[in-house]
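Note that ligands are numbered from 1 as they come in the structure, with each ligand's atoms numbered from 1 the same way.
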Amino acid sequence: MSGIVVLISGRGSNLEAMCNNTTLITQIKCVISNTSDALGLEIAKKFGIPYTIVEHKQYKTREEFDKQLALIIDSYNPGFIILAGFMRILSSWFVTHYSMRLVNIHPSLLPSFIGTDAIKQAFATKVKVSGITIHFVTDKLDHGPIIAQAVVAVMPCSNVEELANRIHKLEHLVYPFIIHKLLTGKVQVLDNGLVTVKKEDCDLITLSEFHSSIFY
Ligand code: GRF
């Protein structure tokens with residue numbers, strides 16, 4: 001097993017950040033979208049990455065769709081399956097099939113603000129800090145073992161769009177960094193379920209200009 005398969009449904013800005021990372025782009029074996037109009041497919045095309053569309057609407061059940069998805073993923077034998085704005089809930093079967101190989105990014109500090117409108121929820125709640133969470137996927141939505149979190153101050157943002165921009169910029173820096181850690185065997189899951197990420201002298205990740213910090 002090696003490399004990654006990236007699953008998308010929409011804009012694909014996280015995919016683009018992975019493609020702009022000269023080390024990581026060589027590890028992307030395929031991009032799969034569940035909708036034919038996902039803008040992210042244009043990014044896959046632009047960077048010459050193989051892509052496939054598996055339209056969920058064409059399958060009667062979630063399981064049938066997931067089995068087809070897995071058939072394609074497994075043909076690439078990836079080390080990790082990376083969710084980057086993939087908007088389908090995956091079945092227990094799928095999640096178990098890729099146990100501790102399926103990774104998601106969520107735009108809040110989990111377990112706060114679960115679900116699709118996490119940034120709006122955080123802004124409306126008037127929290128002082130929000131951020132992003134990168135985690136392994138389990139069958140409890142947005143609840144798997146946390147690999148890394150990065151925090152942003154909400155205060156400098158005067159509206160939800162500004163907060164969203166700040167959070168997305170942060171995602172684009174941190175997700176490729178953590179995926180690289182996964183691919184180089186620097187992420188370990190301990191018996192108690194805690195995930196540790198090995199820090200190295202060559203870790204060059206400065207987030208202070210975004211009023212943020214990463215914890216990994
Ligand atoms: C990101 O905000 C990510 O946290 C969430 O979906 C969004 C995907 O954005 N899971 P993009 O398609 O990568 O631009």
Side-chain angles (χ1 to χ4, degrees), residues 4-21 24-25 27-28 30-47 49 51-54 56 69 80-90 94-95 98 102-124 127 129-152 154 157 159-180 182 207 210 212 214-216:
I4 59 175
V5 167
V6 183
L7 305 191
I8 61 165
S9 300
R11 189 177 53 163
S13 67
N14 280 283
L15 170 66
E16 189 168 25
M18 293 172 217
C19 292
N20 283 326
N21 180 308
L24 204 48
I25 188 172
Q27 300 291 319
I28 307 175
C30 180
V31 171
I32 306 176
S33 172
N34 65 313
T35 58
S36 55
D37 57 359
L39 290 177
L41 290 169
E42 295 306 316
I43 294 165
K45 277 184 215 168
K46 183 175 125 192
F47 284 91
I49 296 167
Y51 63 90
T52 309
I53 300 158
V54 187
H56 64 269
L69 204 56
F80 295 94
I81 299 87
I82 304 295
L83 305 183
F86 186 69
M87 301 304 285
R88 295 291 299 165
I89 292 180
L90 294 157
F94 188 93
V95 170
Y98 296 112
L102 186 58
V103 179
N104 184 40
I105 186 162
H106 184 80
S108 77
L109 294 174
L110 291 175
S112 291
F113 309 126
I114 285 163
T116 50
D117 57 355
I119 301 174
K120 266 193 204 151
Q121 289 182 55
F123 193 78
V127 288
V129 293
S130 189
I132 62 170
T133 302
I134 296 166
H135 65 98
F136 287 113
V137 177
T138 58
D139 58 6
K140 191 168 175 200
L141 182 70
D142 296 333
H143 266 89
I146 292 174
I147 304 167
Q149 291 185 302
V151 175
V152 292
V154 175
C157 307
N159 55 52
V160 70
E161 289 75 26
E162 268 182 50
L163 179 60
N165 278 339
R166 190 176 291 257
I167 283 183
H168 293 315
K169 274 189 186 164
L170 191 61
E171 290 186 327
H172 303 158
L173 289 172
V174 179
Y175 211 11
F177 174 78
I178 291 297
I179 295 167
H180 182 69
L182 283 158
L207 304 174
F210 299 103
S212 53
I214 173 172
F215 296 86
Y216 63 102

Exercise. For ligand 1, would you mind listing the residues that have at least one heavy atom less than 4.0 Å away, ordered by chain and number?
Key: R11, G12, S13, N14, G85, I105, H106, P107, H168, E171
Self-check item: F113 to A118 - nearest heavy-atom pair and separation
Solution: O-CB, 3.2 Å
Self-check item: Donor-acceptor contact present, side-chain T133 to main-chain S108, <3.5 Å
Solution: yes
Exercise. For E171, check salt bridge (Lys or Arg N to Asp or Glu O under 4.0 Å) against everything at least two apart and list the hits.
Key: none
Practice problem: Mind checking side chain to side chain contact (heavy atoms under 4.5 Å, CB included) for I214 and listing every partner two or more places apart, or none if nothing turns up? | Solution: A150, V174, F177, I205, L207, Y216
Practice problem: Please confirm whether the backbone N or O of L141 pairs with a side-chain atom of H143, one donor and one acceptor, at under 3.5 Å? | Solution: yes
Practice problem: Quick one: list whatever passes side chain to side chain contact (heavy atoms under 4.5 Å, CB included) with D142, sequence neighbours left out. | Solution: N104, H106, L110, I114, H135
